[in-house]
2 protein chains.
Amino acid sequence: MTDRNRTADGEAQRRTRRRRGAELVAAIHEAALDETAEHGLGRLTMEGIARRAGTAKTSLYRRWSSPEDIVIEALYRMYPMEEPSPGADDLRGDLIAALKLMRDGLMQPIYGAVMGAVLEEARRRPDLHKRLYSDVFDARGGRFTRTVLLHYAEHGRIDPARLTPVVFDIGEALMLKYGVDMFELPDDAYIDAIVDQAILPAIGHGHENPPSGRT
Amino acid sequence: MTDRNRTADGEAQRRTRRRRGAELVAAIHEAALDETAEHGLGRLTMEGIARRAGTAKTSLYRRWSSPEDIVIEALYRMYPMEEPSPGADDLRGDLIAALKLMRDGLMQPIYGAVMGAVLEEARRRPDLHKRLYSDVFDARGGRFTRTVLLHYAEHGRIDPARLTPVVFDIGEALMLKYGVDMFELPDDAYIDAIVDQAILPAIGHGHENPPSGRT
DNA sequence: CATGTTAGATACGGACACGTATCTAATTCT
DNA sequence: AGAATTAGATACGTGTCCGTATCTAACATG
């Protein structure tokens, strides 16, 4: 609980300088993500966010009507915008790069935890589910291996008939499951293994290397 | 909130017949799962479980010290025990059957929702994570495609070198991701597609059928 | 029937969060 | 400097939940 008494930048004292506008919103966004990562969405409170952001509840209620509103807006604003930049002659490398992008962006400790918490809550909340997918995922794009696969299909390197919703999902599904089962992010070797053992075979590019496996 | 005022079997009135022992525990277990599925683990309360089970809080506190304890025990008790029964000459059929078993057991609306909620909470709670895996998953076994794949490898139908942690995870990972992205369970066609488009290629059994796709 | 065991009902003090209202203080702009 | 805007502080009544304590009622057993 001690952490709850601290503001986003570690100050435990009352500030005389007041943050305004965008600066304040940024601090509140960050506090909302931190609070969610730490306590889950079910225990997310306006008081907790306010306390952590070092601001008054009134500042929150002036802009948002619920904690979830803050979180969705924060997820949107902080969505990693870097996208795969596939070339034309290194399918394997580009797939690996895409999954690393996913790991290093979406699956980071805070962002990933919040995303997981919201997805879980979204099971019970069609409204939240819809907002997450339309306002965050679809609005921000962010498809990883899918982008690479489509690109290489356009360049005639993959049979387009192999590109199905299942195949698009393989890499990301395996990354997510690893994150759930383990208590850490997939390492480079695991990402290599996903590409070599699952994605490449699925698109008809049998691999020549021995399986790397989980280390 | 009206539902919270009802007991597990729909009775809204005070009962004169008292449930004792195992019967009472079963009702409490069921109430705990229902409450979790409905409100999430973060908002799960002893009062809510008691109210839903139509019993007194004292009956809960006599046995358990926290709501999570009840849920873990309930997950253990209600874990679907049916396991894949692979034959020897229908790898595809057995893989499909295994995934259907997963869908119809673990992914059912209540059980699946609770499992998801606990997994999400387990991100923040190493103790809970450990208990879930050791007390529920490991204690109950329940590996789906893995069981089938190992079986067929023992019968010489699959090259054992192809069986890696990644390959074991493919089917279940895709099932889980579908469940998260969509608001429904994977249908038979999707399960067929997982087996044909992802699992079989991964173990070197290229399929002859056209991709089924998501319908 | 008497006794022992278990279930249920309820009170209690304390903690926490909600959402609103009100007022003061700080900052920006003219 | 004064006015307008925004941020911060705090009070408030209400509701929910916690965990404990206490007591009565129901049930099982000898």
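What's counted below: heavy atoms across the whole structure, side chains too, no hydrogens, waters or symmetry copies. Every chain is numbered from 1 and lettered A, B, ... according to where its sequence line falls, protein lines coming before strand lines.
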Query - Phosphate-side-chain proximity, B/R19 and D/dC27, N/O vs OP1/OP2 below 4.0 Å - result: no

Query raised in the report: When you check the phosphate oxygens OP1 and OP2 of D/dG8, does a side-chain N or O of A/R20 lie under 4.0 Å from one of them?
Result: no

Report task. Could you state the atom-to-atom distance from CD1 of B/I49 to P of D/dC18 in whole Å? Result -> 9 Å

**Report entry** Atom-to-atom span, CD of B/E68 to C1' of D/dC17 - whole angstrom
**Finding:** 14 Å

Requested in this report: Consider the side chain of B/R18, meaning its heavy atoms from C-beta on, and name the nucleotide among D/dG8, D/dC17, D/dA25 that approaches it most closely.
Outcome: D/dA25

Requested in this report: Go through the N and O atoms of the side chain of B/K57 and the base of D/dG19, and report whether any donor-acceptor pair is under 3.5 Å.
Outcome: yes

Query raised in the report: Which nucleotide, D/dG8, C/dC18, C/dT6, lies nearest any side-chain atom of A/E47?
Result: C/dC18

Report task. Could you state the atom-to-atom distance from CD of A/E23 to P of D/dA7 in whole Å? Result -> 11 Å

Query raised in the report: Is the distance from OP1 or OP2 of D/dT16 to the nearest side-chain N or O of B/R43 less than 4.0 Å?
Result: no

Query - Nearest-Å distance for atom pair CH2/P, residues A/W64 and C/dC18 - result: 15 Å

Query raised in the report: Are the charged groups of A/E47 and A/K57 less than 4.0 angstrom apart, N to O?
Result: yes

Query - For A/M46 against A/L60, the heavy-atom pair lying closest together - result: O-CD2, 3.4 Å

Query raised in the report: Does a side-chain heavy-atom distance below 4.5 Å link B/E35 with B/V71?
Result: no

Query - Phosphate-side-chain proximity, A/S59 and D/dG8, N/O vs OP1/OP2 below 4.0 Å - result: yes

Report task. Write down the distance between CD1 (A/I70) and P (C/dG19), rounded to a whole number of angstrom. Result -> 11 Å

Query raised in the report: Is any side-chain N or O of B/T58 closer than 4.0 Å to OP1 or OP2 of C/dA7?
Result: no

Query raised in the report: Below 4.0 angstrom, N of the basic side chain to O of the carboxylate: do A/E23 and A/R17 qualify?
Result: yes

Report summary line: Per atom distances to the B/M46 side chain, the nearest of C/dT6, D/dG19, D/dA7 is D/dG19

Requested in this report: Measure the shortest side-chain to side-chain distance between B/P84 and B/D94 over non-hydrogen atoms and say whether it is less than 4.5 angstrom.
Outcome: no

Report task. Let me know the distance between CG of B/L24 and P of C/dT5, rounded to the nearest Å. Result -> 18 Å

Query raised in the report: Expressed in angstrom and rounded to an integer, what is the separation of B/Y61 atom OH from D/dC17 atom C1'?
Result: 8 Å

Report summary line: Among the nucleotides D/dA9, D/dA7, D/dC18, whichever has the atom closest to the side chain of A/A56 is D/dA9

Query raised in the report: Between atom CZ in B/R62 and atom P in D/dG19, what is the gap in whole Å?
Result: 16 Å

